[in-house]
Amino acid sequence: MNIQTKSLSKIYGEGEAAVTALQPCSFEISGGERVAIVGASGSGKSTLLHLLGALDTPSGGSILFDGKRLPAQEEALSRFRLSNIGFIFQEYNLLPELTALENIVLPSLLRGKKKDTPYLNRLIERLDLSDRLSHFPSQLSGGQQQRVAIVRALTNKPQLLLCDEPTGSLDTEHSRQVMELLEELQAEYGFTLIVVTHNPDIAEQFPRILTLSDGMVGGDLT
Ligand SMILES: Nc1ncnc2c1ncn2[C@@H]1O[C@H](COP(=O)(O)OP(=O)(O)O)[C@@H](O)[C@H]1O
Ligand SMILES: [Mg+2]
């Protein structure tokens, strides 16, 4: 999926309490591109990612997804998100009362579409989760939980995968595994991959790096 921002900005709060989290920025990310977003803590990385994922509304400017604006109506917006965008978060965000498998199939249930079982089975096997499907998140290691979150994010075959510090809670070895998997899956399925990280070793693996400082999208290191 191609993404184009035009003077996209975000201000939280109002008046005295207003915080400019993202200064107006305009850039384009092509379908199938791999982009890292780097910047210090508080520089606006999560804000930008949430806007790109239509999880939050901009204060100014706009985003075009494959040349189109987002639907204004909440239900249509939610359907757009479920069908096109996958999210991975630092803290995995699995639902604790659901098993790994239930977490994985949830997006297809929410979307009201039949799940693609052979596709999911391949992912589950590829991510080495076959014997963990009936486990609850609390019974899984951090690396396993993040792998469940990866399958869940890909359940509906999104064209855009957004990851907010996906290895921020993992040790070096599991971080490496997760990043390798994301790269391999991207190569295989061709989705646009955007990863927020403050780990320079991870950012270096990406052909394009967007830097954020104090809410300003700066040097586009391609
Ligand atoms: N919901 C919010 N309400 C008010 N301020 C916020 C909110 N979310 C983030 N901020 C502020 O916006 C700025 C950017 O935050 P964030 O996008 O989370 O940065 P990063 O992900 O790079 O650490 C920070 O100053 C943060 O305190
Ligand atoms: Mg953040």
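Both counts, for ligands and for their atoms, begin at 1 and track the order of listing. Please read all numbers here as calculations on a predicted model, not as lab measurements.
Ionic pairing of Arg122 and Glu125 is not present here: no N-O contact between side-chain nitrogen and carboxylate oxygen is shorter than 4.0 angstrom.
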Checking Gln186 against Leu161 for the side chain to side chain contact (heavy atoms under 4.5 Å, CB included) test, could you report, in this order, the C-alpha distance in whole Å, the side-chain angles of both residues, the deciding distance, and whether it holds? CA-CA 9 Å; Gln186 194 280 332; Leu161 183 64; over 6 Å; no
Given side chain to side chain contact (heavy atoms under 4.5 Å, CB included), test Phe136 with Leu94 step by step and report yes or no. CA-CA 9 Å; Phe136 290 92; Leu94 299 175; over 6 Å; no
Quick one: ligand 1 N/O to protein N/O pairs below 3.5 Å?
{"residue": "ligand 1", "atom": "17 (O)", "partner": "Thr47", "partner atom": "N", "Å": "2.9"}
{"residue": "ligand 1", "atom": "17 (O)", "partner": "Thr47", "partner atom": "OG1", "Å": "2.6"}
{"residue": "ligand 1", "atom": "19 (O)", "partner": "Gly44", "partner atom": "N", "Å": "3.2"}
{"residue": "ligand 1", "atom": "21 (O)", "partner": "Ser46", "partner atom": "N", "Å": "2.9"}
{"residue": "ligand 1", "atom": "21 (O)", "partner": "Ser46", "partner atom": "OG", "Å": "2.9"}
{"residue": "ligand 1", "atom": "22 (O)", "partner": "Ser43", "partner atom": "N", "Å": "3.2"}
{"residue": "ligand 1", "atom": "22 (O)", "partner": "Gly44", "partner atom": "N", "Å": "3.1"}
{"residue": "ligand 1", "atom": "22 (O)", "partner": "Lys45", "partner atom": "N", "Å": "2.9"}
{"residue": "ligand 1", "atom": "22 (O)", "partner": "Lys45", "partner atom": "NZ", "Å": "2.9"}
{"residue": "ligand 1", "atom": "23 (O)", "partner": "Gly42", "partner atom": "N", "Å": "2.7"}

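The closest donor-acceptor contact from the side chain of Thr211 to the backbone of Val38 lies at 3.5 Å or more, if one exists at all. The backbone N or O of Asn2 sits nowhere less than 3.5 Å from a side-chain atom of Ser30 that would complete a donor-acceptor pair.
Asp164 and Ser46 get closest at one heavy-atom pair: OD2-OG, 2.7 Å.
For Gln90, every N, O or S atom stays at 2.8 Å or more from the Mg ion (ligand 2).
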